[in-house]
Amino acid sequence: MDKGISRKITLFQFVFTLGIVFFHGRSTYPELLNSSVSQNLIYKCYMNLSGIFDVLSLSFFFFMSSYLFGIGIKNYKDAFKKVLKRFKSLVIPFILWNIITFIYFSIKNTAVLNLAFFKNLFFYDPMAGPLWYLLALFIMVAFISYHLVFKENKWITSFIYLLLFIFFVFIRGKVFPIALIPNENWWWYGNLFYYFPVFLVGSYIGLYFPNLIDKFKYEKRIYTIIGVLLLVIGYVLPLDRRINSMIMIVGLWFFIKPKWLKKDNLLLFGTSFYIFAMHQQLILPNYYKIIKFIWNGYTFNGYEIVFIKLMELAVVIVASLIVKYIFKFIFSEKFNNYLTGGRN
């Protein structure tokens with residue numbers, strides 16, 4: 001893959017990882033807000049912006065992951081080899097980070113190792129919540145690889161993809177938990193079905209039109225203009241949120257030029273997976289406790305709470321960076337590769 005395109009993907013991964021943090025942090029501190037907050041323009045902008053980042057970020061991750069999976073597959077054997085690689089990069093980190101999270105909560109005496117832990121880990125409610133994405137992505141990859149036995153016949157594959165796309169678009173809201181899985185634990189299965197159409201689009205482009213992303217750099221000024229228009233259209237139009245998100249992602253892809261990215265900023269961008277794995281269950285709750293302790297009894301206005309939220313992002317990045325280098329110091333390179341699925 002072209003170096004500039006690779007850097008661009010890494011940048012997007014970092015930005016949309018922060019987008020997930022942005023979204024997960026938007027609902028905290030309700031008791032710390034004063035009555036004037038809801039009328040504050042800056043706070044309203046923050047809430048509107050953070051509110052779009054859940055579907056926007058996950059749409060990018062499912063699309064790009066499936067696109068990268070599709071690239072280079074010539075037959076079913078290639079697909080099977082990639083599924084095995086995805087097991088190492090998705091399932092093993094999913095298990096390891098849930099174990100780390102369990103150890104953390106065990107030290108705090110809020111977790112117990114029992115049958116419920118293992119049921120939650122794979123079926124109900126993973127302790128490392130955001131990492132449901134890894135398990136869902138592996139299920140999608142394993143499922144679609146079976147259908148790639150027809151990859152050499154583009155028309156058959158296209159027909160299968162179309163049927164699956166229609167099925168998963170219209171299945172939304174019509175899937176009910178099976179008897180073994182309670183309603184309250186159905187959330188990530190619902191997300192899996194919800195993002196499957198985005199996954200299908202990405203893998204289809206990776207299979208048959210990889211140069212749309214891998215080779216074509218969209219350097220001309222007209223693509224910058226189109227990118228801005230798509231960003232506005234994706235934000236304004238009242239469509240399905242997955243469609244809006246994909247329009248905005250394409251717009252941002254057109255707008256950002258690979259030539260702007262001269263270096264591999266691994267110090268910063270290399271923390272993306274740690275941020276994703278740690279923020280919700282390990283970092284944000286402790287940041288929240290610190291804020292409550294320091295400003296006990298004080299209520300924040302709109303400007304103050306937005307500043308605190310921006311500081312929250314900075315704390316998440318720094319904490320993730322520190323943990324990354326502590327793990328590098330403590331554990332072997334091989335174990336760290338297992339922990340991140342081979343990511344930098």
Side-chain angles (χ1 to χ4, degrees), residues 17-18 20-32 54 57-58 89-139 177 180-192 271-294 296 308-309 311-332 335-341 343:
T17 299
L18 293 185
I20 294 293
V21 179
F22 209 34
F23 175 78
H24 284 157
R26 72 192 299 264
S27 59
T28 53
Y29 321 146
E31 72 277 18
L32 301 182
D54 58 336
S57 297
L58 286 170
S89 65
L90 298 172
V91 179
I92 290 179
F94 171 81
I95 294 172
L96 290 177
W97 278 102
N98 273 279
I99 292 172
I100 290 170
T101 306
F102 173 80
I103 293 171
Y104 170 78
F105 284 114
S106 295
I107 293 171
K108 297 180 66 177
N109 294 318
T110 58
V112 179
L113 185 61
N114 52 27
L115 181 60
F117 169 77
F118 293 101
K119 288 193 296 185
N120 287 335
L121 180 64
F122 290 106
F123 301 108
Y124 292 174
D125 193 10
M127 188 168 281
L131 296 188
W132 69 267
Y133 160 78
L134 298 182
L135 194 55
L137 182 59
F138 180 76
I139 292 170
L180 296 176
I181 303 175
N183 284 280
E184 64 269 19
N185 298 121
W186 185 245
W187 61 273
W188 78 265
Y189 292 93
N191 287 345
L192 186 155
T271 61
S272 294
F273 188 79
Y274 287 87
I275 292 170
F276 192 77
M278 295 172 54
H279 74 275
Q280 190 176 31
Q281 67 278 10
L282 302 179
I283 303 177
L284 293 184
N286 289 308
Y287 180 77
Y288 177 46
K289 289 178 181 178
I290 292 170
I291 294 297
K292 284 188 69 176
F293 176 78
I294 295 175
N296 184 31
I308 286 173
K309 289 297 182 182
M311 286 297 297
E312 184 178 82
L313 285 178
V315 168
V316 168
I317 294 171
V318 172
S320 300
L321 190 62
I322 291 172
V323 170
K324 175 183 177 180
Y325 281 97
I326 289 175
F327 281 5
K328 279 194 170 185
F329 179 77
I330 296 175
F331 302 119
S332 66
F335 180 81
N336 277 289
N337 282 333
Y338 281 132
L339 200 60
T340 62
R343 301 166 182 87

Undergrad: Of the non-hydrogen atoms in Y338 and I92, which two are nearest, and what is the gap between them?
TA: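 What the structure gives for the nearest pair is O-CG2, 3.9 Å.
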Undergrad: Return the minimal non-hydrogen interatomic distance between F273 and P93, and the atom names on each side.
TA: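 That closest heavy-atom pairing would be CZ-CB, 3.8 Å.
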Undergrad: Once rounded to the nearest 0.5 Å, what's the spacing between atom CD1 of I294 and atom NZ of K289?
TA: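 I294 atom CD1 to K289 atom NZ measures 14.5 Å (nearest 0.5 Å).
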Undergrad: I need the minimum non-hydrogen distance between S89 and G341, along with the two atoms involved.
TA: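 Residues S89 and G341, closest heavy atoms: CB-O, 3.4 Å.
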Undergrad: Does the ring center of W97 lie less than 6.0 Å from the ring center of Y104?
TA: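 No, ring centres 6.0 Å or more apart.
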Undergrad: To the nearest 0.5 Å, what is the distance between CD1 (I283) and CE (M278)?
TA: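 That separation rounds to 4.0 Å.
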Undergrad: Of Q281, Q280, E312, which is the lone residue that meets side chain to side chain contact (heavy atoms under 4.5 Å, CB included) with H24?
TA: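 That would be Q280; it is the only one of Q281, Q280, E312 passing the side chain to side chain contact (heavy atoms under 4.5 Å, CB included) with H24.
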Undergrad: Between P126 and F94, is any pair of side-chain heavy atoms under 4.5 Å apart?
TA: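 With C-beta onward as the side chain, the pair touches.
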Undergrad: Are T17 and Y274 close enough that some pair of their side-chain heavy atoms sits under 4.5 Å apart?
TA: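 Counting from C-beta outward, T17 and Y274 never come under 4.5 Å.
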Undergrad: What's the shortest heavy-atom distance between L192 and W132, and which atoms?
TA: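 The answer is N-CZ3, 4.4 Å.
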Undergrad: Quick one: OG on S320 to CG on L282, what's the gap to the nearest 0.5 Å?
TA: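 If we round to the nearest 0.5 Å, S320:OG and L282:CG are 9.0 Å apart.
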Undergrad: Look up atom CG in L321 and atom CD1 in I326, then write down how far apart they are to the nearest 0.5 Å.
TA: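 Here the rounded value is 10.0 Å.
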Undergrad: I'd like to know if the side chain of S332 and the backbone of F335 have a donor-acceptor N/O pair within less than 3.5 Å.
TA: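 Checking the backbone N and O of F335 against the side chain of S332, a donor-acceptor pair under 3.5 Å is found.
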Undergrad: Determine whether more than 12 heavy atoms belonging to other residues, nucleotides or ligands lie under 6.0 Å from atom CZ of F327.
TA: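 Correct, the count exceeds 12.
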Undergrad: For a side chain to side chain contact (heavy atoms under 4.5 Å, CB included) with F276, tell me which candidate from T271, L131, L18 qualifies.
TA: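 Single pass found, and it is L131.
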Undergrad: Of all heavy-atom pairs between N98 and A128, which one has the smallest distance, and what is that distance?
TA: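 The answer is OD1-N, 2.9 Å.
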Undergrad: If I take atom CG from residue L284 and atom CD1 from residue I291, how far apart are they, to the nearest 0.5 angstrom?
TA: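 Result: 11.5 Å between the selected atoms.
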Undergrad: Out of the candidates I317, I20, V315, L313, only one should pair with H279 under the side chain to side chain contact (heavy atoms under 4.5 Å, CB included) rule; please name it.
TA: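 Exactly one option meets the side chain to side chain contact (heavy atoms under 4.5 Å, CB included) with H279, and it is I20.
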